[in-house]
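Read the structure below first, then the notes.
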Amino acid sequence: MKLCGNTFYHGSKNKISDGVVHAMPGFIRGMKVPVTAVFATNFTRAKLYAVMRLISSGWRTPNKDALYVQYLKQDIPEKAYVYELDSDGFLPDGEYDYYCLTDKKIKKIHEIDIMQDIESGKLKIYVLKDKLVSEPSMEEWREICKHKDKFELYNPVVKEI
């Protein structure tokens with residue numbers, strides 16, 4: 001399956017200065033061993049992947065246009081990055097994700113101002129309301145994420161009355 005002409009995006013917490021997203025070990029759906037590849041998706045999901053490890057700890061799940069997290073870190077960094085890539089060489093890995101077994105040249109860099117995007121509503125972060133008694137498995141966490149009432153929208157702006 002050739003995906004020429006499409007644009008894919010790779011999200012990262014790191015600023016890449018050499019103009020190339022390098023293949024790194026990661027998991028492809030259904031495989032039990034890591035594969036060295038460049039992973040990409042649509043812009044919204046790439047943005048969530050870029051941000052999620054910077055702002056949260058514990059379990060976290062990107063869901064369509066929002067991020068569901070177990071814990072929010074106290075010191076949220078200023079920037080995350082989304083790299084625009086051409087689709088040549090990518091293969092599908094599920095409904096929204098793709099992988100390429102070779103390094104990919106960056107077409108364009110999108111800098112994400114994390115706090116500005118949260119404050120403006122462009123980036124929605126939902127934090128688990130109650131601490132869990134025990135650490136959930138991945139399957140248990142996915143089940144928890146189905147119950148949106150267990151989360152509250154993070155709003156860093158506190159207005160005094």
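Atoms considered below: every heavy atom in the structure, side chains included; atoms not considered: hydrogens, waters and symmetry mates. Start at 1 with the first residue, then count along the sequence.
Between Y98 and F8, the ring planes are parallel. Angles under 30° get that label, and only those over 60° would be called perpendicular.
Y154 and M52 fall within the same hydrophobic cluster, defined by Ile, Leu, Val, Met, Phe, Trp and Tyr side-chain heavy atoms under 4.5 Å apart, directly or through other members. Residue I118 is not grouped with residue Y68 when hydrophobic side chains (ILVMFWY) are merged at heavy-atom distances under 4.5 angstrom, including chains of intermediate members.
The distance from the CE atom of M138 to the CH2 atom of W141 is 11.0 Å, given to the nearest 0.5 Å. With rounding to the nearest 0.5 Å, the separation of CG in L153 from NZ in K148 is 13.0 Å. Here the straight-line distance linking atom CD1 of I106 with atom CG of L85 works out to 7.0 Å at 0.5 Å rounding. Residue T7 holds its OG1 atom at 7.5 Å from CG of D86, rounded to the nearest 0.5 Å.
With sequence neighbours left out, N42 forms a side-chain hydrogen bond (donor to acceptor under 3.5 Å, both in side chains) with no residue at all. Considering only residues two or more places apart in sequence or on other chains, S56 meets the side-chain hydrogen bond (donor to acceptor under 3.5 Å, both in side chains) condition with none of them. Applying the side-chain contact (heavy atoms from CB on, under 4.5 Å) rule to E135 yields the partners W59, Q70, Y71; only residues at least two apart in sequence or on another chain are considered. A search for ring pair (Phe, Tyr, Trp, His ring centres under 6.0 Å) contacts involving F27 returns nothing, not counting sequence neighbours. By the side-chain contact (heavy atoms from CB on, under 4.5 Å) test, D18 pairs with I16, V20, H22, sequence neighbours left out. With sequence neighbours left out, the side-chain contact (heavy atoms from CB on, under 4.5 Å) criterion links R53 to R60. By the salt bridge (Lys or Arg N to Asp or Glu O under 4.0 Å) test, E143 pairs with K146, sequence neighbours left out. For Y81, the side-chain contact (heavy atoms from CB on, under 4.5 Å) partners at least two apart in sequence or on another chain are K15, K79, Y83, I109, E111. Partners of E140 by side-chain hydrogen bond (donor to acceptor under 3.5 Å, both in side chains), not counting sequence neighbours, listed by chain and number: S137. Contacts of D97 classified as salt bridge (Lys or Arg N to Asp or Glu O under 4.0 Å), with partners at least two apart in sequence or in another chain: R29, R45. Residues meeting the salt bridge (Lys or Arg N to Asp or Glu O under 4.0 Å) test with D103, sequence neighbours left out: none.
For E78, the CD atom counts as loosely surrounded, since its 6.0 Å shell holds 12 or fewer non-hydrogen atoms of other residues, nucleotides or ligands. Around NZ of K107, the count of heavy atoms belonging to other residues, nucleotides or ligands within 6.0 Å exceeds 12.
Under a 4.0 Å N-O distance rule, the pair D88/K104 does not qualify as a salt bridge.
Contact between P25 and P34 at its shortest, heavy atoms only, is CB-CB, 4.2 Å. Considering all non-hydrogen atoms of both residues, S12 and A50 come closest at N-CB, 3.3 Å. Residue A37 comes nearest to Y99 through the heavy atom pair CB-CB, 4.1 Å, listed as atom of the first residue, atom of the second, then distance. When all heavy atoms of V38 and V21 are compared, the closest pair comes out as CG2-O, 3.4 Å.
Between I55 and L67, the closest side-chain pair of non-hydrogen atoms falls below 4.5 Å. Taking the side chain as every heavy atom from C-beta outward, Y49 and V82 never approach each other to under 4.5 Å. Using a 4.5 Å heavy-atom threshold, the side chains of I76 and L54 count as separate. Taking 4.5 Å as the limit, every side-chain heavy atom of T41 sits out of range of all side-chain heavy atoms of D93. In this structure, the side chains of M115 and P156 come closer than 4.5 Å at one or more pairs of heavy atoms.
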| message | Please evaluate residues T44 and Y9 with respect to the criterion side-chain contact (heavy atoms from CB on, under 4.5 Å), reporting the C-alpha separation (whole Å), side-chain torsions for both, the decisive distance (0.1 Å), and the verdict. | response | CA-CA 9 Å; T44 301; Y9 300 89; over 6 Å; no
Atom pairs and distances, donor-acceptor, side-chain atoms in residues 122-133, under 3.5 Å, two or more places apart:
| residue | atom | partner | partner atom | Å |
| --- | --- | --- | --- | --- |
| K124 | NZ | G121 | O | 3.0 |
| K129 | NZ | D149 | O | 2.9 |

